[in-house]
Amino acid sequence: MKKLCIGILSMLGASALYAQQTDENSITVRSESGTEEVIGLPEGMLSETDSLYLDWISKNYINIGENCEVNAGNPDVSDSVYIDRLQRIPAIIEMPYNEVVRKFIDMYATRLRQKVAFMLSANNFYMPIFEEALDLYNLPLELKYLPVIESALNPMAASRQGAVGLWQFMLNTGKVYGLKVTSFVDERRDPIKSTRAAARYLKDLYDIYHDWNLVLAAYNCGPGTINKAIRRADGEKDFWQLYNYLPKETRGYVPAFIAANYIMTYYCEHNISPMEMKLPEGTDTIHISRPLHLQQVAEVCNINIDELRALNPEFKKDVVPGNEQPYALRLPSKTMSYFIDHEDSIYNYKPETYLTRRSTVDIPEPKAVYHRIRNGETLGGIARKYGVSVSQIRRLNGIRGSNIRAGKSIRIR
């Protein structure tokens with residue numbers, strides 16, 4: 001959906017590819033002939049998991065788990081084991097193995113171990129949402145790991161290219177699939193709405209290409225770019241056969257997706273212990289039809305403001321613009337009855353502090369300006385000095401003739 005900073009890879013043919021990490025943002029792929037090319041990492045492998053949303057979750061709901069062995073080391077795994085494990089993943093989407101895939105797996109299992117543990121804990125929040133939408137549209141459930149490489153499961157994630165949310169929708173694509181974006185609201189950040197939109201988009205792409213790896217590539221760089229690659233390859237529609245015709249920023253996307261599915265399935269085999277996340281208490285929604293600030297709700301209902309933001313990430317400025325259209329506000333279930341009983345008090349709580357957008361404004365009367373006439377001055381000269389007309393000066397001062405007396409003050413405005 002967004003572009004990645006990826007260098008060109010050498011040909012994927014009979015010769016093997018060898019990969020090594022070059023810096024924090026890329027890896028280098030070397031063919032048997034010695035040619036080296038740089039592959040940048042997907043946004044989800046680069047982004048930090050320190051948004052307000054994930055920071056609040058980590059403080060309130062996450063503990064170190066005990067269901068896997070805690071070990072900082074990553075065990076050596078042979079190619080044959082990697083191949084066998086990938087083939088045992090119950091997936092419709094083809095997940096072949098090569099050295100590029102291995103390098104992405106190794107990166108998740110080494111430098112990004114802590115991020116993987118965090119994302120495994122976030123599964124409790126998001127995977128039910130993803131699986132429900134994918135099942136609704138009869139899509140492969142392994143697509144639930146696409147946001148791992150897109151956003152690292154951060155609904156607040158924003159790329160340098162402008163893609164936003166768990167599924168990293170660009171603005172125009174999001175609008176096509178019904179995601180509203182205004183100064184106050186960004187539905188690309190809404191986990192439920194954006195997931196439904198992503199499922200529809202993925203289904204539409206599959207109806208075009210009938211190849212899931214090509215669908216993933218199109219999700220990354222757009223169907224127009226994929227169509228150009230197909231034409232250049234004389235109609236070939238297999239991702240790996242199109243590989244060298246694809247933009248450099250798209251070639252590592254499918255290997256990264258395969259690696260994400262692998263590490264989210266076989267994390268225990270790499271001694272990664274997922275953090276345990278206690279699910280938040282039940283929630284419910286109420287429709288808001290008036291302007292409302294989350295801080296008003298937080299203070300009157302005694303709810304942590306970060307919790308409210310976590311439950312309602314689509315409200316960019318903490319304001320629910322209910323006067324534009326009704327919006328659903330998500331609250332803890334135990335708070336819902338209190339909100340309903342104290343609704344007027346909530347709306348009327350410090351509106352001058354939290355809702356400063358004025359509906360009307362008075363224009364003050366202009367301040368009167370006077371001029372003391374000096375010897376030799378004329379009405380025309382005075383009018384030019386102040387940028388007004390002679391007729392305005394005459395009208396304000398009741399002057400009929402052209403004679404004016406020095407020392408007298410006259411009103412200019």
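Of the possible polar contacts, none joining the T250 side chain to the L246 backbone as a donor-acceptor pair under 3.5 Å is found. Between the R113 side chain and the A109 main chain, a donor and an acceptor come within less than 3.5 Å of each other. Between the T173 side chain and the F169 main chain, no donor and acceptor come within less than 3.5 Å of each other. Under the 3.5 Å distance criterion, the side-chain polar atoms of T335 are left unmatched by any main-chain donor or acceptor of L331. Judged by distance alone, the side chain of N397 and the main-chain N or O of I399 form no donor-acceptor pair under 3.5 Å. Between the N312 side chain and the F315 main chain, no donor and acceptor come within less than 3.5 Å of each other. Q168 places a side-chain N or O within 3.5 Å of a backbone atom of A157 that can act as its donor or acceptor partner. Listed for the E236 side chain is a donor-acceptor partner under 3.5 Å among the backbone atoms of D238. Remark: side-chain polar atoms of R413 are paired, donor with acceptor, to backbone N or O of Y386 under 3.5 angstrom. Of the possible donor and acceptor atoms, none in the side chain of D186 sits under 3.5 Å from a partner among the backbone N and O of E314.
For the pair E99 and D79, the minimum side-chain heavy-atom distance is below 4.5 Å. Within the 4.5 Å cutoff, side-chain heavy atoms of I404 are placed close to those of L379. Side-chain contact between S121 and P274 is absent, with no heavy atoms from C-beta onward closer than 4.5 Å. In this structure, the side chains of E150 and Y219 come closer than 4.5 Å at one or more pairs of heavy atoms. Side-chain contact between M264 and L120: present, with at least one pair of heavy atoms (C-beta onward) separated by less than 4.5 Å. Side-chain contact between L308 and V297 is present, with at least one heavy-atom pair separated by less than 4.5 Å. With a 4.5 Å cut-off on side-chain heavy atoms, N323 and S289 do not count as touching. Between V148 and Y108, some side-chain heavy-atom pair lies under the 4.5 Å cut-off.
The minimum heavy-atom distance between L166 and L153, with the atom names listed, is CD2-C, 3.5 Å. In terms of heavy-atom proximity, I412 sits nearest to I382 at CD1-CG2, 3.6 Å. Annotation for P96 and I258: closest pair O-CD1, 3.7 Å, computed over non-hydrogen atoms. Contact detail for L214 and D211: the closest heavy-atom pair is N-OD1, 2.8 Å. The heavy-atom pair separating M95 from Q87 by the smallest distance is O-NE2, 3.8 Å. Taking both residues in full, the closest heavy atoms of I226 and A217 are given as CD1-CB, 3.8 Å, listed atom of the first, atom of the second, then distance.
Atom CZ in R200 sits 13.0 Å away from atom CG in L205 (nearest 0.5 Å). Between atom OG of residue S337 and atom NE2 of residue H342 there is a gap of 9.5 Å, rounded to the nearest 0.5 Å. If you take NZ on K316 and CE on M156, they are separated by 11.5 Å, rounding to the nearest 0.5 Å. A distance of 9.5 Å separates OG in S194 from CD in E187, rounded to the nearest 0.5 Å. A distance of 8.5 Å separates NE2 in H371 from CD1 in I393, rounded to the nearest 0.5 Å. Of the inter-residue distances, the one linking I263 atom CD1 with M107 atom CE reads 12.0 Å to the nearest 0.5 angstrom.
Ring geometry, Y206 versus W212: the interplanar angle falls under 30°, so the pair is classed parallel (tilted spans 30 to 60°).
Side-chain contact annotation: K180 with Y327, donor-acceptor N/O pair under 3.5 Å present. Remark: the T283 side chain and the R330 side chain contain an N/O donor-acceptor pair separated by less than 3.5 Å. Between the side chains of N227 and Y209, at least one donor N or O sits under 3.5 Å from an acceptor N or O.
The number of heavy atoms from other shown groups lying within 6.0 Å of CG (N302) does not exceed 12. Sparse packing is recorded around CD of Q114, with 12 or fewer heavy atoms of other residues, nucleotides or ligands lying under 6.0 Å away. Enclosure of atom CG in N348 by more than 12 non-hydrogen atoms of other residues, nucleotides or ligands within 6.0 angstrom is indicated. More than 12 non-hydrogen atoms from other residues, nucleotides or ligands lie less than 6.0 angstrom from CZ of R411. Within a 6.0 Å sphere centred on CD of E352, heavy atoms belonging to other residues, nucleotides or ligands number more than 12. Crowding of Y245 atom OH: a count of heavy atoms from other residues, nucleotides or ligands under 6.0 Å not exceeding 12.
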Can you check side-chain contact (heavy atoms from CB on, under 4.5 Å) on S409 and I373, steps first, answer last?
CA-CA 6 Å; S409 291; I373 302 171; over 6 Å; no
From CA spacing to verdict: side-chain contact (heavy atoms from CB on, under 4.5 Å), D318, Q295
CA-CA 7 Å; D318 288 349; Q295 196 70 47; 5.5 Å; no
Evaluation steps, side chain to side chain donor-acceptor pair (under 3.5 Å), between Y82 and R102:
CA-CA 8 Å; Y82 274 138; R102 179 181 181 120; 4.8 Å; no
What's the verdict on side-chain contact (heavy atoms from CB on, under 4.5 Å) for L179 and K193, showing C-alpha distance, side-chain angles and the deciding distance?
CA-CA 7 Å; L179 297 178; K193 293 178 181 177; 4.0 Å; yes
side-chain contact (heavy atoms from CB on, under 4.5 Å) evaluation trace for T285 with L329:
CA-CA 5 Å; T285 58; L329 177 69; over 6 Å; no
Go through the steps for Q296 and Y347 under the test side chain to side chain donor-acceptor pair (under 3.5 Å), then give the verdict.
CA-CA 7 Å; Q296 292 175 292; Y347 284 117; over 6 Å; no
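Under the 6.0 Å cut-off for aromatic ring centres, W167 and Y177 do not qualify, their centroids lying 6.0 Å or more apart. If you look at F257 and F104, their ring centroids are not closer than 6.0 Å. Aromatic pair Y266/H270: centroids not less than 6.0 angstrom apart.
For residues 123-140, the pairs satisfying salt bridge (charged side-chain N to carboxylate O under 4.0 Å, His left out) are E131-K144, E132-R196, with sequence neighbours left out. For residues 283-309, every residue pair satisfying the ring-ring contact (aromatic ring centres under 6.0 Å, His included) rule, not counting sequence neighbours, is listed here: H293-Y354.
A salt bridge between R88 and D84 is present, with a side-chain N of the basic residue lying under 4.0 Å from a carboxylate O of the acidic one. Between R309 and D306 there is a salt bridge, with a side-chain nitrogen of the basic residue lying less than 4.0 Å from a carboxylate oxygen of the acidic one.
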